[in-house]
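For clarity, every value in this text was computed on a predicted model and none was experimentally measured.
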Amino acid sequence: MRSWRKMLMFRGVTMGVVGVMAFGSAAAATAYHNALSQIDVQDLDGLVAEQVTPKDPSDPFKDEPVNLLLMGTDIRDGSNADIGGEVSGMRSDTTMLVHISADRQWIEIVSLPRDTFVDIPSCQLPDGSQSQPYRDKFNASFEVGSGGTSLKHASACTINTVNAMTGVTVTNHAVVKMNGVIDVVNAIGGVKMCLPEAIHGDPASARIDLPAGENRLDGKTAIQFLRVRKGTGMGLEMRSDLTRIERQQAFINATLRQILSAETLADPTKTFRLINAALGSLSADPAIADPGKVAGLAWSLREIEKRNIIMTKVPVYDTVEGTASGLAWSPESAEIFQRLAADQPPEQVVLPDVEPSGSPSASGGPQDGGGDAGTDDSGDAETGTGDTGDAGDAETNEGSESGTGNESGTAGGDTGKKPKPKPSPSPEVVLDGVCA
């Protein structure tokens, strides 16, 4: 039976996992930290014969998909000015749509390119007036909505724009400033990344120099890694926001792996630092700013497989409107958002086995979530790299060389029952910069 101490630590970690993806608020962090500091924790594990297991926290969004809009800002106030230099006004930097499936089996993170030309709808401004609808680059929606001063109105205008251009209804949101990333990264002792080549940033845009191979990024280095657009290495030569999105997605993937690893789970001090950093460095809507609600949602994600955290890029092409160059979404992008609106997983997701209810031929087929050799992540069918040991491929199951087909047939003959199908053993696809 799990002790209170172990349960407290685990719930803290799951809150941190969701927190790094943008849940929490400064007020919630303060209340949570104060509550913890007043508790005299007594671990009675081994001293009491029977202990009551704490009730699992309930998911306030149970059976409902969550569409969280995560907005990174380039606001240069206070300590943020020390990072990027002091500049007036409010600007959007990175924006990601995080979809958490209703069944809590997969998460898809879609980066929305800031330089995409979009129709920005009318938005309410801080003085009560309405802005006029107009066409501009996506990141302008944050600045025009803010009226120069209001983070709340900036967020609302960005959400209205995302709802209109994707057809996906944003259910929740969170805003992260640059210094917030620093706190979260330092709380877990840095983020380990394995870079395929050295990175040297242009000092005029971001001060960063990292060698090829394994690196552990502290908070300040991490924020420079996320900001840098010019230099050499990992696409910096292109000076493109699109290659920066690839690096940012790799960093988020590496961060989630770090939080889920034993390196974080086994260290209570690191765990509670992460909780305080995640809850204290973000601004979020009231529906998910409550630590108890965060714990419930996080608890529902406790068994998600890391391979089912999918990073998606919106397909785009270069375009010019008026005298300004920018990006436009390719027609294929509509399929991504239609699928998310319907809560349908991308092809890479491997769902748990489902007991077949139809004919006996339903067992052993490739439709159980793993796919056949032609769609296996491990390789392409023409080279044969996807075939080896593929228990989900009907052709390899029938052969006697692997023994799988004959063993299944014998089991069916002896018991009259078909074995439960298993997904193909597709290896996880690792992004450039993420340690395998």
Validation row: [X], [Y] side chains within 4.5 angstrom (heavy atoms):
{"X": "Ser141", "Y": "Val162", "result": "no"}
{"X": "Asn186", "Y": "Asp218", "result": "yes"}
{"X": "Leu69", "Y": "Leu112", "result": "yes"}
{"X": "Phe225", "Y": "Leu195", "result": "yes"}
{"X": "Thr171", "Y": "Glu64", "result": "no"}
{"X": "Met71", "Y": "Ser155", "result": "yes"}
{"X": "Thr158", "Y": "His173", "result": "no"}

To the nearest 0.5 Å, what is the distance between [atom1] on [X] and [atom2] on [Y]?
{"X": "Thr166", "Y": "Asn67", "atom1": "OG1", "atom2": "CG", "value": "8.0 Å"}
{"X": "Ile100", "Y": "Ile107", "atom1": "CD1", "atom2": "CD1", "value": "5.0 Å"}
{"X": "Met311", "Y": "Gln348", "atom1": "CE", "atom2": "CD", "value": "11.5 Å"}
{"X": "Ile208", "Y": "His200", "atom1": "CD1", "atom2": "NE2", "value": "10.5 Å"}
{"X": "Met193", "Y": "Met234", "atom1": "CE", "atom2": "CE", "value": "6.0 Å"}
{"X": "Arg239", "Y": "Arg244", "atom1": "CZ", "atom2": "CZ", "value": "14.0 Å"}

Apply side-chain contact (heavy atoms from CB on, under 4.5 Å) to Thr221 and Leu210, showing your working. CA-CA 9 Å; Thr221 306; Leu210 295 172; 4.0 Å; yes
Would the number of heavy atoms belonging to other residues, nucleotides or ligands and lying under 6.0 Å from CD of Gln132 be above 12?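 Open.
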Quick check: are there more than 12 heavy atoms from other residues, nucleotides or ligands sitting under 6.0 Å from NZ of Lys137? yes
Does Val184 form a side-chain contact (heavy atoms from CB on, under 4.5 Å) with Ile188? I'd like the steps, not just the answer. CA-CA 7 Å; Val184 171; Ile188 58 176; 5.5 Å; no
Hey, does the side chain of [X] reach the backbone of [Y] with a donor-acceptor pair shorter than 3.5 angstrom?
{"X": "Asp63", "Y": "Ala102", "value": "no"}
{"X": "Asn172", "Y": "Asp285", "value": "no"}
{"X": "Thr312", "Y": "Val110", "value": "no"}
{"X": "Arg104", "Y": "Ser101", "value": "yes"}
{"X": "Arg247", "Y": "Leu226", "value": "no"}
{"X": "Gln344", "Y": "Leu340", "value": "no"}
{"X": "Asp115", "Y": "Leu327", "value": "no"}

Looking only at non-hydrogen atoms, find the nearest pair between [X] and [Y] and report the distance.
{"X": "Leu125", "Y": "Val144", "answer": "CD2-O, 3.3 Å"}
{"X": "Asp241", "Y": "Pro113", "answer": "OD2-CA, 4.3 Å"}
{"X": "Arg216", "Y": "Gln258", "answer": "NH1-NE2, 3.0 Å"}
{"X": "Ala222", "Y": "Leu217", "answer": "CA-CD2, 4.1 Å"}
{"X": "Thr149", "Y": "Pro126", "answer": "OG1-CG, 4.3 Å"}
{"X": "Thr161", "Y": "Pro121", "answer": "OG1-CD, 3.4 Å"}

What's the verdict on side-chain contact (heavy atoms from CB on, under 4.5 Å) for Asp343 and Trp106, showing C-alpha distance, side-chain angles and the deciding distance? CA-CA 10 Å; Asp343 194 31; Trp106 54 279; 3.7 Å; yes
According to side chain to side chain donor-acceptor pair (under 3.5 Å), does anything in residues 328-340 pair up with another residue at least two apart or in another chain? List the pairs. Glu108-Arg339, Thr116-Trp329
What residues form a salt bridge (Lys or Arg N to Asp or Glu O under 4.0 Å) with Glu305, not counting sequence neighbours? Arg307
Which is it for Val185 and Phe251 under the side-chain contact (heavy atoms from CB on, under 4.5 Å) test, yes or no, and what are the steps along the way? CA-CA 11 Å; Val185 171; Phe251 174 82; 3.6 Å; yes
Ser111/Gln249 under side chain to side chain donor-acceptor pair (under 3.5 Å): CA gap, chis, key distance, verdict: CA-CA 8 Å; Ser111 295; Gln249 289 188 334; 3.0 Å; yes
